[in-house]
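I have placed the structure first, in the form of structure tokens, so that the comments after it can refer back to it.
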Amino acid sequence: MDKLAISGFLLAVIAVAGGFVIEGGSLATLLHFPAFLIVFGGTVGAVMLQTPLSQFKLGLKILPWVIRPAQMPLEHTAQRIVQWGSAARGSGFLALEQDALAEHDAFLHRGLNLLVDGVEPKALQDTLDAELTLERERLLRGARIFDAMGGYSPTIGIVGAVLGLIQAMSNISEPQLLGQGIATAFVATIYGVGFANLLFIPVGNKLKSLIQQRTLYHELIIEGLVSIAHGENPRNIERKLAAYHPG
């Protein structure tokens, strides 16, 4: 559970709503379902229109990472790689076969199997690098749907404001309906800007940061396994991998 992400979101919402209340506003005036429907529904619909289904589903799948990010055990994995380097140097790559079969991390599992199969170091690195690049780009495409939402949301908020003003002008002789239209106009604008800057853009940036951490973890794995394939001294491997988890 990422307490910082939750705390940051709550702080942002409380700061905006609290400032509004301190100025004498009522929170009830911000709860306007038609404005919410226009902005949120319009934003999600626009992103669905521009996004392939697989990419949209991937974005929703990785969304929980914002609250529950996967842990990347850099230091622990580095220690394991050093141990595998010692075993391979003393008994050959086949000594890692049981570890390869028992490994649950999919990327590490494939890398160890390539090592056990005796793949040349250059081919091993090229294969894992290509897989890493494709996986990173695939995840980034999923994260970018929230960037797109952050771009569309303020514009859809303006659409909602214009619709609200149209409604207000059509009922200019009826004060009660006139007020409802004006409320929709202003609240839709707030929703559009608020969703973009307090939710969609931060979520997109957080996911990209988590994907970068995941990439760093996989780069550590590639560096370690390629070093083992070259038959390097475990001490040298340990020094190389230490750069990936300073402190």
Side-chain angles (χ1 to χ4, degrees), residues 1-17 30-72 74 105-107 110 128-164 184-219 221-222:
M1 183 73 74
D2 191 335
K3 295 180 180 179
L4 182 63
I6 297 172
S7 300
F9 176 72
L10 292 177
L11 176 60
V13 172
I14 291 172
V16 173
L30 297 179
L31 303 178
H32 199 278
F33 181 72
F36 173 83
L37 183 62
I38 291 170
V39 175
F40 190 81
T43 298
V44 173
V47 173
M48 291 172 67
L49 177 61
Q50 76 163 35
T51 308
L53 178 60
S54 59
Q55 182 179 339
F56 189 80
K57 290 170 65 175
L58 176 61
L60 297 181
K61 182 179 179 181
I62 65 177
L63 178 58
W65 290 6
V66 175
I67 305 300
R68 294 183 178 276
Q71 298 299 315
M72 299 292 111
L74 293 170
D105 183 293
F107 190 82
R110 287 189 288 273
L128 294 180
D129 279 342
E131 184 173 334
L132 172 59
T133 299
L134 291 173
E135 177 70 3
R136 181 178 63 240
E137 288 305 312
R138 185 180 73 89
L139 292 174
L140 284 175
R141 285 196 296 271
R144 289 187 189 114
I145 73 168
F146 298 100
D147 290 338
M149 288 182 184
Y152 286 124
S153 182
T155 305
I156 302 297
I158 294 173
V159 172
V162 173
L163 292 175
T184 300
F186 285 105
V187 175
T189 304
I190 292 172
Y191 281 176
V193 176
F195 283 154
N197 292 281
L198 301 181
L199 185 62
F200 297 140
I201 294 175
V203 164
N205 288 336
K206 181 62 176 287
L207 288 174
K208 285 185 283 188
S209 176
L210 293 172
I211 293 168
Q212 180 59 36
Q213 292 178 23
R214 185 184 182 92
T215 299
L216 180 68
Y217 175 64
H218 287 163
E219 287 175 348
I221 291 173
I222 294 173

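When reading the values below, keep in mind they use all heavy atoms of this one structure, side chains included, and skip hydrogens, waters and symmetry mates.
No more than 12 heavy atoms of other residues, nucleotides or ligands sit less than 6.0 Å from atom CD of Q71. Within 6.0 Å of CZ in F56 there are more than 12 heavy atoms belonging to other residues, nucleotides or ligands.
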Go through it in stages, so that I can follow the logic: the residues are F36 and L31, the test is side-chain contact (heavy atoms from CB on, under 4.5 Å), and I'd like the CA-CA distance, side-chain angles, deciding distance and then a yes or no. CA-CA 8 Å; F36 173 83; L31 303 178; over 6 Å; no
Report the C-alpha separation of K3 and I6 in whole Å, then their side-chain angles, then the decisive distance to 0.1 Å, and conclude whether the side-chain contact (heavy atoms from CB on, under 4.5 Å) test is met. CA-CA 5 Å; K3 295 180 180 179; I6 297 172; 5.7 Å; no
Set out, in order, the CA-CA distance, both residues' side-chain angles and the distance that settles side-chain contact (heavy atoms from CB on, under 4.5 Å) for L37 and Y191, then state yes or no. CA-CA 10 Å; L37 183 62; Y191 281 176; over 6 Å; no
Take F200 and T43 through the test side-chain contact (heavy atoms from CB on, under 4.5 Å) and record every step on the way to the result. CA-CA 10 Å; F200 297 140; T43 298; 4.1 Å; yes
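Looking at residues two or more places apart in sequence or on another chain, you find a side-chain contact (heavy atoms from CB on, under 4.5 Å) between Q55 and T51, P52, R141, I145. With sequence neighbours excluded, the residues that form a salt bridge (Lys or Arg N to Asp or Glu O under 4.0 Å) with D2 are K206.
With rounding to the nearest 0.5 angstrom, the CD1 atom of I221 is 10.5 Å from the CG atom of L216. I190 contributes atom CD1, which lies 5.5 Å from atom CG of L30 (distance to the nearest 0.5 angstrom). Note that CG of L58 and CG of L63 are 11.0 Å apart. Values are rounded to the nearest 0.5 Å. Taking CD of E219 as the reference point, atom CG of L128 lies at 12.0 Å (rounded to 0.5 Å). If you take CG on L134 and CG on L139, they are separated by 11.0 Å, rounding to the nearest 0.5 Å. Q212 CD to M72 CE: the interatomic distance, rounded to the nearest 0.5 Å, is 12.5 Å.
Between G192 and S153, the shortest heavy-atom contact is O-OG, 2.7 Å. Scanning both residues, L210 and W65, for their nearest heavy atoms gives CD1-O, 3.4 Å. The nearest pair of heavy atoms linking A196 to P202 is O-CD, 3.7 Å. Residues G157 and V39 share a closest heavy-atom pair of CA-CG2, 3.9 Å. Nearest heavy atom pair, residue G142 against residue I62, reads C-CD1, 4.1 Å. Here the closest heavy-atom approach between residue I201 and residue N197 is recorded as CD1-OD1, 4.4 Å.
Proximity of a side-chain donor or acceptor of T215 to a complementary backbone N or O of I211 within less than 3.5 Å is detected.
Here the side chains of E135 and F107 are not in contact, with every heavy-atom distance at 4.5 Å or above. In this structure the side chain of Y217 reaches within 4.5 angstrom of the side chain of D105, judged on heavy atoms.
Residue pairs meeting the salt bridge (charged side-chain N to carboxylate O under 4.0 Å, His left out) criterion with at least one member in residues 207-217, sequence neighbours excluded, are D147-K208.
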